[in-house]
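Report on one structure; see the data block that follows.
The sequence lines fix the lettering, A, B, ..., with proteins before strands; numbering per chain opens at 1. Small disclaimer: the values here were computed from a predicted structure and weren't measured.
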2 protein chains.
Amino acid sequence: MSEGTTLSLDAATGTPPSILHIQVIDDLRGIITRGELAEGKRVPEAALCERLGVSRTPLREALKVLAAEGFVELRPNRGAVVVPIDSDAVAALFELKGAIEYMIGLKLPERITPAERAHIEAIQRRLVECQKRADASGYTLENHNFHAALAAGIRNDAVVQTYSTLQRKILRARLAINEDPSQLARSVDEHEGILTMLRAGAARDLAFRLEKHNRRTGEAILAQLRAKRA
Amino acid sequence: MSEGTTLSLDAATGTPPSILHIQVIDDLRGIITRGELAEGKRVPEAALCERLGVSRTPLREALKVLAAEGFVELRPNRGAVVVPIDSDAVAALFELKGAIEYMIGLKLPERITPAERAHIEAIQRRLVECQKRADASGYTLENHNFHAALAAGIRNDAVVQTYSTLQRKILRARLAINEDPSQLARSVDEHEGILTMLRAGAARDLAFRLEKHNRRTGEAILAQLRAKRA
DNA sequence: GATCCCAGTTTTGCATTCATTTTCTCCGCG
DNA sequence: CGCGGAGAAAATGAATGCAAAACTGGGATC
């Protein structure tokens, strides 16, 4: 009935599945994130209902939530449109993410548990594997896990929630471009530096490196994004 | 049909009124924020429909959005409940807000326009008036405007959006306690210091003061919150 | 040839209806 | 007197129905 490649970046989000509409939210967000719905284009309810196999009620509920999240825009009496990826907006997302990651870095050393740290180290090993195999999409997924795990370590629900929202929006931009595989090595290196600081408990340096990693990644993505539109 | 005291902290949020359900979202969020719906209590749809003068469809759409925002929790087949104010969660909100305000402080001097600065100064004068009159609720409102104006100054939609969401949640906690009017003077003083740094263009100091103001406010509110529950 | 206008069709917003699930009530039983 | 359970009543999740608003495509007009 429904899809295979869900990207499964969800899970940690919260809210117990109140059943249908939650499913639709996730499906639709996935469809938009993967770029399967042309941005700026009108989204007819009937077609989506058919595609997702639900009636209009849960679909419309989902659209309201996605509108609140900023993935679609609801124009009264004129249907929903997929919000276009705007490089200024993406830049804004990275800027905000940088501020949050800086804070995460500052507090992480004193709050993370050994188990969590081991988990992060394991993810990093998988990232290295992906990089060796030049498996960009696997890398993207594990990279999300890496940063989500860092965020989870500070034990602050508001941060985890907000961070996850930011990541989801950024993922959309990321998938809209072809990420340069040569960047993977650099990213792995930066992660290594981050882990070194985490191991050393050097909060300030960790924060600094996280912020820098974020900024560099953001700049790379923005450059490609702007190039693509030009 | 609908209420007078809307607290009107909305407005800047976005999304063009797709009509009914947006109204319901705002109304219901206001009702919850003002504590008119006992926390932890089940939210009967029928009663709310009557109160708001709408049918179940837009009400349920609104509930879905508010669930995504974290104001209510949807339990499958068992209705929605108002999410209780949890002091740990409020602490988390303040921590995140601090990180964002720090970033705002760093970037504000180089981005704010003279007009915006004048606007903020005007708000501060009104805050002084409120403080003199010991008008706590007027103060709360203008205080929100003050901080929202600072956030707006950095011209980053993601920040404005996220910041506004945080403020809304914190407001709920704030209204749940009786804020000590003697704190108003201190708050005014801190604002004055913030403005001094802003005028001087001292980004680092501005960031520091904003973060400190946030932390102090948070601690005061948390103390009262914990006292109340004990 | 472009523009305007007006039926006819489609699509949307919301109310209502229907099928389940849950909750309440009340009675028998231990 | 408390406990458990059958059945009734109420509430929820989702589909359908209906009125109003927006598109569509001819045809007349300039």
Side-chain angles (χ1 to χ4, degrees), chain A residues 1-3 10 13-29 31-32 37-83, chain B residues 1-2 10 13-29 31-32 36-83:
Chain A
M1 201 145 276
S2 45
E3 24 6 86
D10 317 295
T13 315
T15 7
S18 166
I19 348 190
L20 246 183
H21 89 278
I22 297 275
Q23 183 81 321
V24 176
I25 292 172
D26 289 341
D27 286 354
L28 203 48
R29 190 165 40 217
I31 288 172
I32 293 171
L37 230 47
E39 57 185 61
K41 232 187 81 188
R42 180 182 191 158
V43 183
E45 294 181 2
L48 274 179
C49 287
E50 186 164 10
R51 170 161 184 185
L52 298 177
V54 298
S55 79
R56 285 178 61 216
T57 304
L59 178 82
R60 299 181 103 255
E61 290 168 348
L63 281 174
K64 263 68 174 180
V65 173
L66 290 175
E69 290 182 4
F71 283 92
V72 301
E73 185 183 341
L74 264 32
R75 303 163 310 168
N77 291 314
R78 308 186 53 238
V81 294
V82 177
V83 171
Chain B
M1 204 144 275
S2 46
D10 317 295
T13 314
T15 7
S18 165
I19 346 191
L20 245 185
H21 83 101
I22 298 274
Q23 183 81 320
V24 176
I25 292 172
D26 288 343
D27 286 354
L28 203 47
R29 191 166 37 218
I31 288 172
I32 293 171
E36 295 173 27
L37 230 46
E39 59 185 60
K41 232 186 82 188
R42 180 179 190 157
V43 182
E45 293 181 3
L48 275 178
C49 287
E50 186 163 11
R51 170 161 183 185
L52 299 177
V54 298
S55 80
R56 285 178 61 216
T57 304
L59 179 81
R60 300 182 102 252
E61 290 169 347
L63 281 174
K64 264 68 174 179
V65 174
L66 291 174
E69 289 183 4
F71 282 93
V72 302
E73 185 184 341
L74 263 34
R75 303 164 310 171
N77 292 312
R78 308 188 49 238
V81 294
V82 177
V83 171

In whole angstroms, how far is the [atom2] atom of [N] from the [atom1] atom of [X]?
X: Leu20(A); N: dT20(C); atom1: CG; atom2: P; answer: 14 Å
X: Leu52(B); N: dA15(C); atom1: CG; atom2: C1'; answer: 16 Å
X: His21(B); N: dT12(C); atom1: NE2; atom2: P; answer: 14 Å
X: Gln23(B); N: dC14(C); atom1: CD; atom2: P; answer: 11 Å
X: Lys64(B); N: dA14(D); atom1: NZ; atom2: C1'; answer: 9 Å
X: Leu59(A); N: dT16(D); atom1: CG; atom2: C1'; answer: 15 Å

- Which residues satisfy the side chain to side chain contact (heavy atoms under 4.5 Å, CB included) test with Val81(A), sequence neighbours excluded? Glu73(A), Arg75(A)
- Among all residues two or more places apart in sequence or in another chain, which pass the side chain to side chain contact (heavy atoms under 4.5 Å, CB included) test with Arg56(A)?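 Side chain to side chain contact (heavy atoms under 4.5 Å, CB included) check on Arg56(A) returns Glu45(A), Cys49(A), Arg60(A).
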- Query: Which comes earlier along DNA chain C counting from the 5' end, the contact point of Pro44(A) or that of Pro58(B), where each point is its nearest nucleotide?
  - Reply: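 Residue closer to the 5' terminus by nearest nucleotide: Pro44(A).
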[X] vs [Y] side-chain heavy atoms within contact, under 4.5 Å:
X: Leu66(A); Y: Arg29(A); result: yes
X: Val65(B); Y: Glu69(B); result: yes
X: Leu74(B); Y: Ile22(A); result: no
X: Leu48(B); Y: Val43(B); result: yes
X: Arg51(B); Y: Glu36(B); result: yes

Between the protein and nucleotides 16-19 of chain C, list every N/O to N/O distance that falls short of 3.5 Å.
from    : atom 1 : to       : atom 2 : distance (Å)
dT16(C) : O4     : Thr57(B) : OG1    : 3.4

- Taking every non-hydrogen atom, the tightest pair across Ile19(B) and Pro76(A):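 Smallest heavy-atom distance, with atoms named: CG1-CB, 4.4 Å.
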Every protein N/O lying under 3.5 Å from an N/O of nucleotides 21-24 of chain D:
from    : atom 1 : to       : atom 2 : distance (Å)
dC23(D) : OP1    : Arg78(A) : NE     : 2.7
dC23(D) : OP1    : Arg78(A) : NH2    : 3.1

